[in-house]
Amino acid sequence: MFKKFKVRRSHVLIFAGIIIIGVMIWLWPAFLSGREKWPQSFGYGKTATKEEIAALDIDVRPDGKGLPAGSGNAELGEVIYTNKCASCHGADGKEIKGVKLPGPPLVTGKSKAKTIGNYWPYATTLFDYIRRAMPYNAPGSLTNDEVYSLSAWLLSANKVIKPGEVMNAQTLPKVVMPAQKLFIVDDRKGGPEVK
Amino acid sequence: MEQQQDKPVKITQRKISRRTLLGGALAAAIIPVTSAFAKYVQVGVPLVSDPTKQPGPLPGTLGKRSLFENPVKKPSDISSRTPLQGMYSTITPSDLHFERHHAGIPTLDPNKYELLIHGMVERPMKFSLHDLKRFPSVTRTCFIECAGNFRTGKEEMTVQDILGLTSQSEWTGVMLSTLFRELGVDPKATWFLAEGGDAAVLTRSIPMHKAWDDAMIVYAQNGEAIRPEQGYPARLLLPGWEGNTNVKWIRRIEISDAPYFTREETSKYTYPVKDKIRMFSFEMDARSIITYPSFPQKIERGWIEIRGIAWSGRGKVVKVEVSTDAGKSWNEARLQGPVLEKAHTYFRHLWQWNGSETEILSRVTDQTGYTQPTLKQLIDARGKDIGGYHMNPVTAWRVKRDGSVAFKPESYK
């Protein structure tokens, strides 16, 4: 019976073809995912608790998001400034010779120095920066009330707010900075133009 | 040899050599003398008249530079510049990578390190350094350049003085998109805040598209753990973007729907453009500089291979042109391959110097079609009160009759 069945070349080809197609179908998922077999989640790391987040989350946005409870005014701020800031920034708001600083805290006449009064778009940035980075030799050591007071004094001395105004989480975001209207988002887009 | 005319560097060298001496004494004190050979092991380099007649030091645990090579960074109060004029290719040795920090270098314990990511995510998470290293990793070569990388003023300025705040490394870490995928980011999120763990707790707001594009959290530099000055144990890497946004010692990322307008993106890293102030300028524009010959090097008549580096924060360097006749004519330089995206690219151009005075300069064109401008073009585009950020003008070197090379300062204020 088997002898009657002649193995022709065409049969071999068909058989081989079936085997190859079968293997391809069998391996197809592997071809598809072989390059990047990534799981839904690697499962590394831990979920962060609310307390863990709160311990680090100190940023403040211009809309006031992130501002803590507390308050302060310029009168208190001036005392704190004299005690904790003037040794670097100068008692009268002018730059001290020999001390390299980003700039004096006040606008000084025709000076082109970039200060809070002429070069800061948002008052909330004052609170955020002083709280996180100042004083330089003891960063993060000021209380929230002290930071509100320093912000109030600097804004008042720069004539952005009135001397008696109280700064807190509600009032600080409402302060409109004189330079805010000058700021534009980067308009360079690549390409031949020099901008 | 190159730096002999450079007084500030001399002072630095003196300081460093005193430190090196102390280090040497310490090393000598802790090496146990167990054999006759031990005294040769990495204690010092014996200077002998004929090295073929005396065995040298045996292998040690750490390599060091030749006694005759002493490249140094040039520190100021806030930054430290790479000696680019002494380099032969594009990878900056890790210990010569430029530094810029805002309250010094923190000492962070890698065993206590954690990166917190929270805000507009399904699941806020924290990752230890060990966790970060378990994720699929990526290695890429790219430059980091400070946005304020521009100085001019006098003839006696080296490449290091003019633009030493750019360096290149091979960085390894995890794609930020891989971490973000793990947390489930709210599709409405448009910005994230990156915060450092240094005494300035430095923060920058970054658009989310950079996170999905090529942002990384890197923990290794040139094959070893990242250097403390570069953000050990982990930093943000934003290829092609101004150095300040590549937050070092990164400890926290908050995902948000608005930027935060932190101090570093309002009163700093912004610049006047005519009657406005430009903010969130992220990409570093294309720039190039000839590093050989440059001040204080000296050349001799005959064939000179002019060499330098070119780069663009917007992609690949397509072309570098070199002029040896003060900008009257330009020749296309050879680029050293492979030319990588957002990476320092080495260029070379052969020139026969006949001994006459001239100026040599280079200009780069990147893949967006942008050609490095002159200082005048930048002032025309931005106004006279141009500031110091994002300045990338063509730099010219004066070649004098005696073969000395000097920087050509241009006033701009």
Side-chain angles (χ1 to χ4, degrees), chain A residues 36 38 40-50 52-53 55-63 65-66 100 102-103 112 114-116 119-122 124-126 128-134 136-140 177 179-195, chain B residues 77-78 102-103 116-118 123-128 131-132 134-136 178-179 181-182 193 195 199-203 251-252 254 256 258-263 266-268 270 272-273 275-283 285 314-315 366 368-371 373 377-378 380-382 385 390:
Chain A
E36 288 293 355
W38 280 32
Q40 273 290 310
S41 161
F42 286 95
Y44 312 149
K46 288 180 190 148
T47 303
T49 65
K50 278 185 181 164
E52 285 167 341
I53 295 166
L56 293 185
D57 188 3
I58 55 167
D59 53 72
V60 176
R61 292 201 324 199
D63 59 8
K65 186 173 170 276
K100 280 183 200 163
K112 274 197 165 181
K114 293 168 180 172
T115 66
I116 296 150
Y119 203 85
W120 284 58
Y122 296 103
T124 48
T125 311
L126 262 180
D128 178 73
Y129 182 64
I130 296 169
R131 181 165 67 160
R132 70 175 59 235
M134 290 291 128
Y136 185 81
N137 59 349
M177 301 296 276
Q180 191 184 317
K181 56 185 181 291
L182 302 176
F183 281 79
I184 52 158
V185 173
D186 188 11
D187 51 353
R188 297 171 309 146
K189 294 207 158 49
E193 192 183 10
V194 174
K195 267 195 132 172
Chain B
D77 290 351
I78 54 170
H102 295 247
L116 169 68
I117 308 181
H118 68 109
R123 193 160 68 112
M125 291 193 70
K126 47 181 195 166
F127 300 102
S128 68
D131 294 329
L132 293 178
R134 289 175 80 191
F135 281 102
T178 302
L179 298 180
R181 190 175 160 269
E182 202 73 10
L193 183 79
E195 182 177 272
V201 207
L202 187 137
T203 40
R251 72 163 190 182
R252 184 170 73 94
E254 183 169 358
S256 170
Y260 289 77
F261 295 95
T262 72
R263 182 253 195 185
T266 54
S267 85
K268 302 289 146 191
T270 57
V273 176
D275 57 342
K276 295 287 179 191
I277 300 164
R278 190 184 277 161
M279 60 181 169
F280 298 127
S281 251
F282 294 122
E283 290 92 351
D285 280 322
R314 295 185 187 272
D366 73 13
T368 74
Y370 177 90
T371 299
Q377 278 176 291
L378 278 170
D380 288 348
R382 295 180 188 172
D385 190 21
H390 290 273

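Each chain gets a letter, A, B and so on, in the order its sequence line appears, and its residues count up from 1.
In this structure the side chain of A/Trp38 reaches within 4.5 angstrom of the side chain of B/Pro136, judged on heavy atoms. Considering only heavy atoms from C-beta on, A/Val185 comes within 4.5 Å of B/Met279 through its side chain.
For the atom pair A/Leu56 CG and B/His118 NE2, the distance stands at 7.5 Å (nearest 0.5 Å). Note that CD1 of A/Ile184 and OG1 of B/Thr270 are 11.0 Å apart. Values are rounded to the nearest 0.5 Å. To the nearest 0.5 angstrom, A/Asp57 atom CG is 9.0 Å from B/Leu193 atom CG. From B/Tyr260, atom OH reaches atom OH of A/Tyr122 across 14.5 Å, with rounding to the nearest 0.5 Å. Note that the OG1 atom of B/Thr266 and the CE atom of A/Met177 stand 9.0 Å from one another [nearest 0.5 Å].
Across B/Glu182 and A/Tyr44, no two heavy atoms sit closer than the pair OE2-N, 3.9 Å. Taking all atoms of both residues into account, the shortest heavy-atom contact from A/Pro62 to B/Phe261 is CG-CD1, 3.3 Å. Residues A/Gly190 and B/Thr368 share a closest heavy-atom pair of C-OG1, 3.9 Å. Closest approach of A/Tyr136 and B/Ala103 over heavy atoms only: OH-CA, 3.7 Å.
For B/Pro272, the parts sitting under 4.5 Å from any heavy atom of chain A are the backbone and the side chain alike. For chain A, no part of B/Ser128 is nearby; none of its heavy atoms comes within less than 4.5 Å. Both the backbone and the side chain of A/Tyr119 come within contact range of chain B, with heavy atoms under 4.5 Å apart. There is no contact between A/Lys50 and chain B, counting heavy-atom distances below 4.5 Å. Contacts between A/Phe42 and chain B at a heavy-atom distance below 4.5 Å involve backbone atoms as well as side-chain atoms. Proximity to chain B is absent for every atom of A/Asp63, based on heavy atoms less than 4.5 angstrom apart. With a 4.5 angstrom heavy-atom cutoff, B/Phe282 touches chain A only via backbone atoms. Neither the backbone nor the side chain of A/Leu126 comes within less than 4.5 Å of any heavy atom of chain B. The part of B/Arg382 that comes within reach of chain A is its side chain, from C-beta onward, which places non-hydrogen atoms under 4.5 angstrom from that chain.
The existence of a salt bridge linking B/Arg278 and A/Asp187 is confirmed by a sub-4.0 Å separation between a basic side-chain nitrogen and an acidic carboxylate oxygen. With respect to the salt-bridge test (charged N to carboxylate O, under 4.0 angstrom), the residues A/Arg61 and B/Glu254 do not qualify.
Chosen from B/Thr371, B/Asp285, B/Leu378, B/Val273, the residue pairing most often with chain A at heavy-atom distances under 4.5 Å is B/Asp285. When B/Leu179, B/Thr178, B/Leu132 are compared by the number of non-hydrogen pairs under 4.5 Å with chain A, B/Thr178 comes out ahead. Comparing B/Arg251, B/Gln377, B/His102 by heavy-atom pairs within less than 4.5 Å of chain A, the highest count is held by B/Arg251. The most heavy-atom pairs under 4.5 Å with chain B, out of A/Pro139, A/Ser41, A/Ala133, come from A/Ser41. Here A/Asp59 is the residue among A/Ile53, A/Asp59, A/Thr47, A/Thr125 with the most heavy-atom pairs under 4.5 Å with chain B. Top candidate by heavy-atom pairs under 4.5 Å with chain A, chosen from B/Lys276, B/His390, B/Arg252, B/Arg123, is B/Arg252.
In A/Lys46, the NZ atom is not crowded: 12 or fewer heavy atoms of neighbouring residues, nucleotides or ligands sit closer than 6.0 Å.
Counting only N and O atoms by type, the side chains of A/Arg132 and B/Thr262 include no donor and acceptor under 3.5 Å apart.
Side-chain N or O atoms of A/Arg188 include one that pairs as donor or acceptor with a backbone N or O of B/Glu283 at under 3.5 Å.
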